[in-house]
Amino acid sequence: MSEEARPHRTAAVIPAAGRGVRLGPGAPKALRTLGGTPMLIHAVRAMAASRAVSLVVVVAPPEGAPEVKNLLDEHALPERTDYLVVPGGETRQESVRLGIEALPDGITTVLVHDAARPLVPVDTVDAVVEAVRDGAPAVVPALPLADTVKQVEPREKGEPEPVVATPERALLRAVQTPQGFDRETLQRAHRSETAVGEGATDCAGMVERLGAPVVVVPGHEEAFKVTRPLDLVLAEAVLARRRANDGF
Ligand SMILES: Nc1ccn([C@@H]2O[C@H](COP(=O)(O)OP(=O)(O)OP(=O)(O)O)[C@@H](O)[C@H]2O)c(=O)n1
Ligand SMILES: C[C@](O)(CO)[C@H](O)COP(=O)(O)O
């Protein structure tokens, strides 16, 4: 069956326009290397590893779009995967919206994946795609928590913060990416005044604000987000172990 005739066509939007302030000084986070290769390239390869994904839209730092385009040209992707590069915005939410706006007709399922989660395994990507194709409008991979979580009354930095509540840990999940969406639902969320704005730290949260259902599938420990310097140490270790095991 030709690509056009397929009932589902899946694209991945990769927001990669962040600075990486929490990681410390240096190049924009997505362009910092992991095992000698830019983190963004790992993330793009992780999406392209799924046979479902026919298009990857990379949302680049606004001034870095030509550099990102060159990087993608240098690092071969599977032949079945096309890519586009668009400049990003001030916030993750804005960058994702710009990526969605670049999607061509014919795409029915959209994954939104942080460039900062370079090591997500393909099985996790496929599980998300499958759940959307099975009819869920929004799907997030997530893991149970290891720590107990407290809700606090925020105070100035360094001041003790009063605890307001301890949510039941067994009911909580730490959410990862790629998050998968039926395209129409994701577009509606990004166009809705109710859903857009402060406080929604992921696209699934915006879909929740529309009142649409979001479901969880199992995430993976190696899909963690590289946010702080210690995460980079862990990512290097995971990559080194994979390379030793796979001989690549
Ligand atoms: N204006 C922005 C901000 C973030 N992102 C992307 O959103 C993902 C998750 O964001 P995060 O890990 O918070 O990255 P940064 O915003 O770069 O990190 P920091 O908050 O430490 O600056 C990253 O892949 C990041 O590049 C983006 O595309 N555009
Ligand atoms: C989308 C996300 O990775 C889900 O856990 C997370 O909310 C991104 O948060 P960030 O502060 O923009 O890194």
Side-chain angles (χ1 to χ4, degrees), residues 12-34 38-47 56-65 67-68 71-72 84-102 110-120 124-125 128 138-147 149 172-181 186 189-190 195-209 214-232 234-235:
V13 171
I14 304 189
R19 290 235 43 96
V21 172
R22 288 169 286 182
L23 198 56
K29 181 161 70 180
L31 302 181
R32 298 197 209 183
T33 56
L34 199 55
M39 209 181 301
L40 171 63
I41 298 296
H42 289 285
V44 170
R45 284 180 175 157
M47 294 302 103
V56 177
V57 178
V58 174
V59 189
E63 69 290 359
E67 184 184 349
V68 166
L71 272 178
L72 287 162
L84 288 174
V85 179
V86 297
E90 282 298 309
T91 62
R92 181 185 188 277
Q93 199 175 94
E94 203 183 326
S95 293
V96 173
R97 181 181 55 78
L98 291 164
I100 296 168
E101 282 174 3
V110 183
L111 301 177
V112 180
H113 181 61
D114 294 330
R117 296 185 188 269
L119 300 177
V120 60
T124 307
V125 182
V128 171
V139 178
V140 296
L143 291 176
L145 302 184
D147 294 327
V149 172
L172 300 177
R173 299 289 179 269
V175 172
Q176 306 175 323
T177 71
Q179 299 190 347
F181 304 90
L186 184 62
H190 276 268
V196 169
E198 300 268 312
T201 53
D202 67 347
C203 297
M206 296 170 66
V207 169
E208 286 164 56
R209 287 176 176 184
V214 178
V215 297
V216 169
V217 297
H220 196 285
E221 283 187 343
E222 294 182 4
F224 64 90
K225 184 153 66 71
V226 176
T227 307
R228 301 184 184 85
L230 191 59
D231 300 323
L232 211 44
L234 180 59

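In listed order, ligands and their atoms are each counted from 1.
Atom numbering of ligand 1 starts at 1 in the shown order; those under 4.0 Å from a heavy atom of Ala115 are 24 (O). Under a 4.0 Å criterion applied to the non-hydrogen atoms of Asp114, ligand 2 contributes the atoms 1 (C), 2 (C), 3 (O). Close contacts of ligand 1 with Ala116, meaning ligand atoms under 4.0 Å from a residue heavy atom, involve 12 (O), 24 (O). Atoms of ligand 1 lying under 4.0 Å from any heavy atom of Lys29, numbered from 1 in the order shown and given with element: 11 (P), 12 (O), 14 (O), 17 (O), 18 (O). Interface of Val21 with ligand 1, defined as ligand atoms under 4.0 Å from a residue heavy atom, comprises 19 (P), 21 (O), 22 (O). Atoms of ligand 1 lying under 4.0 Å from at least one heavy atom of Glu90, given by number and element, are 1 (N). Ligand 2 places these atoms under 4.0 Å from at least one heavy atom of Val175: 4 (C), 5 (O). Every atom of ligand 1 with a heavy atom of Ser95 under 4.0 Å away is listed here by number and element: 1 (N), 2 (C), 27 (C), 28 (O), 29 (N). Near Arg117, with a cut-off below 4.0 Å to any heavy atom, the atoms of ligand 2 are 2 (C), 3 (O), 4 (C), 5 (O).
Distances between N or O atoms of Gln179 and those of ligand 2 include no value under 3.5 Å. Below 3.5 Å of separation, one finds no N or O of Asp202 facing any N or O of ligand 2. For the pair Arg92 and ligand 2, the shortest N or O to N or O distance does not fall below 3.5 Å. Considering backbone and side-chain N/O atoms, Gly18 comes within less than 3.5 Å of an N/O atom of ligand 1. Where the criterion is an N or O separation shorter than 3.5 Å, residue side chain and backbone included, Gln176 fails it with respect to ligand 2. For ligand 2, one of its N or O atoms has an N or O atom of Thr201 under 3.5 Å away.
For atom 13 (O) of ligand 2, the closest heavy atom belonging to the protein is Lys225 NZ, 2.5 Å. Given atom 10 (O) of ligand 1, the protein heavy atom at minimum distance is Arg92 CD, 4.5 Å. Scanning all protein heavy atoms for the shortest distance to atom 13 (O) of ligand 1 gives Arg22 NH2, 2.7 Å. The protein heavy atom nearest to atom 24 (O) of ligand 1 is Pro15 O, 2.7 Å. Protein heavy atom in closest approach to atom 11 (O) of ligand 2: Arg22 NH2, 3.2 Å. For atom 17 (O) of ligand 1, the closest non-hydrogen atom on the protein side is Gly20 N, 2.8 Å.
Using a 4.0 Å heavy-atom cutoff, Lys29 is absent from the residues neighbouring ligand 2. In this structure, Thr227 does not count as a contact residue of ligand 1, since none of its heavy atoms falls inside 4.0 Å of the ligand. In this structure, Gly89 has a heavy atom closer than 4.0 Å to ligand 1.
Residues Val59 and Ile14 fail the side-chain proximity criterion, which asks for heavy atoms closer than 4.5 Å. Put simply, the side chain of Val56 does not reach to within 4.5 Å of the side chain of Leu72, judged on heavy atoms. Using a 4.5 Å heavy-atom cutoff, the side chains of Val139 and Val214 are not in contact. The shortest side-chain heavy-atom distance between Leu23 and Arg228 does not fall under the 4.5 Å cut-off. No side-chain heavy atom of Val112 sits under 4.5 Å from any side-chain heavy atom of Thr177. In this structure, Glu222 and Val120 have side chains that are not in contact, with every pair of non-hydrogen atoms separated by 4.5 Å or more. Gln93 has its side chain within reach of Met206: a pair of non-hydrogen atoms, C-beta onward, lies under 4.5 Å apart.
No side-chain donor from either of His220 and Thr124 sits under 3.5 Å from a side-chain acceptor of the other.
Residues Ala204 and Phe181 come closest through the heavy atom pair N-CZ, 3.7 Å. Closest of all the heavy-atom pairs between Val175 and Ala142 is CA-CB, 3.9 Å.
Distance check: Lys29 NZ to Asp231 CG gives 8.0 Å after rounding to the nearest 0.5 Å.
Within the 3.5 Å criterion, the main-chain N or O of Ala46 finds no donor-acceptor partner in the side chain of His42.
Heavy-atom neighbours of Glu221 CD from other residues, nucleotides or ligands within 6.0 Å: at or below the threshold of 12. The local environment of CD in Glu63 is crowded, with over 12 non-hydrogen atoms from other residues, nucleotides or ligands closer than 6.0 Å.
With Ala17, Ala30, Pro118 as candidates, the residue nearest to atom 28 (O) of ligand 1 on a non-hydrogen basis is Ala17. Across Leu98, Leu23, Val13, Asp114, heavy-atom proximity to atom 8 (C) of ligand 1 is greatest for Asp114.
Contact check on Arg92 versus Asp114 returns a salt bridge, with a Lys/Arg side-chain nitrogen under 4.0 Å from an Asp/Glu carboxylate oxygen.
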